[in-house]
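Beneath this line is the structure, given in structure tokens, with notes to follow.
In listed order, ligands and their atoms are each counted from 1. FYI, the numbering just counts along the sequence from 1.
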Amino acid sequence: MTNNQTKNKVELPKVGSSDQYNHLMKIIQNRVTVRKFDENYIVPDMHFEMIIEAARHAPSGANSQPWHFIVVKKPEIKHEISEYFVKEQRIRAKLKMKFPTPNYKGLAGAPGFIVICSDMRWTKAFPVLKNDNSELNKMYKENAERILLQSLAASTMSAHLAAASLGYNVWWVTAIGQEQAQKDLKPLLGIPEELSVLDILLFGPPFQEPYKRWRKPLKSIMNIDKFNEDNFQTDDEIDKWIQNSRHKVMFKDASNID
Ligand SMILES: Cc1cc2nc3c(=O)[nH]c(=O)nc-3n(C[C@H](O)[C@H](O)[C@H](O)COP(=O)(O)O)c2cc1C
């Protein structure tokens with residue numbers, strides 16, 4: 001085998017062995033969101049590289065890898081981004097959106113701060129009818145956007161798990177889809193017009209003891225061969241859940257949920 005072949009060889013654990021699975025599950029289960037970090041901690045440069053290296057290996061539609069990562073180190077930029085979110089939060093409160101918004105001031109003090117950008121031009125890499133404005137192509141375009149966003153999520157998740165594997169708590173911030181957010185945030189980081197800010201990954205040691213949030217039981221999401229109708233939730237049930245449980249599952253320990 002040549003050196004190149006050795007380098008590109010895929011090595012997985014023995015089929016069916018669960019040692020690595022258990023190890024991975026520990027990281028997955030303990031990847032827990034906090035929204036305030038130890039502000040005095042300094043992330044070693046190597047950790048940024050290790051985390052983005054994990055993101056780089058994520059799968060993507062057509063292997064297009066439509067992502068860019070910007071490590072933010074300057075406190076003044078972190079502060080400005082944080083201020084944007086605090087402002088946005090006030091706008092939402094005025095609009096009576098009734099979303100239990102967290103305190104975005106915590107962004108400014110996050111030791112690990114990575115802005116994740118998508119390049120939507122890569123939708124062209126997926127099956128679309130080029131230069132066609134038909135209804136049919138609208139459907140393909142929407143599908144292409146879904147593929148692209150899922151690719152970004154796969155990459156972002158790899159980065160989050162890598163951060164958790166290094167012992168950090170994480171915070172996934174996506175509340176930035178609006179056009180105004182793009183206009184306000186892109187110039188701060190010199191992001192070209194063609195790219196969009198999609199997510200922000202914050203990480204670091206927690207300021208307070210983190211807690212594990214509630215998850216739906218396995219049987220309520222796992223179906224075999226056919227969708228189990230017991231798992232179907234009506235619109236009314238979903239509305240009630242949003243009204244009565246959402247704030248608890250977002251901001252409380254799993255033991256607080258019935
Ligand atoms: C796609 C995505 C977007 C999210 N956006 C935000 C966000 O904008 N602001 C925020 O505070 N948390 C955000 N979160 C974090 C979720 O609220 C959090 O993951 C969820 O409550 C479960 O908690 P856990 O991460 O501790 O398991 C986001 C998570 C995901 C996966």
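- Comment: Lys87 engages Asp184 in a salt bridge, judged by a side-chain N to carboxylate O separation of less than 4.0 angstrom.
- Salt bridge Lys73/Asp45: present, at least one basic N to carboxylate O contact under 4.0 Å.
- Annotation: salt bridge (charged side-chain N to carboxylate O under 4.0 Å, His left out) contacts of Glu53 (sequence neighbours excluded): Arg56.
- Nearest heavy-atom pair across Trp172 and Ala153 is CH2-O, 4.0 Å.
- Side chain of Ser17 to backbone of Pro13: no donor-acceptor contact under 3.5 angstrom is found.
- When atom types are taken as modelled, the side chain of Ser18 and the backbone of Tyr21 share no donor-acceptor pair closer than 3.5 angstrom.
- At a heavy-atom cutoff of 4.0 Å, ligand 1 is surrounded by Arg31, Val32, Thr33, Arg35, Pro102, Tyr104, Trp171, Trp172, Val173, Thr174, Ala175, Arg213, Arg215.
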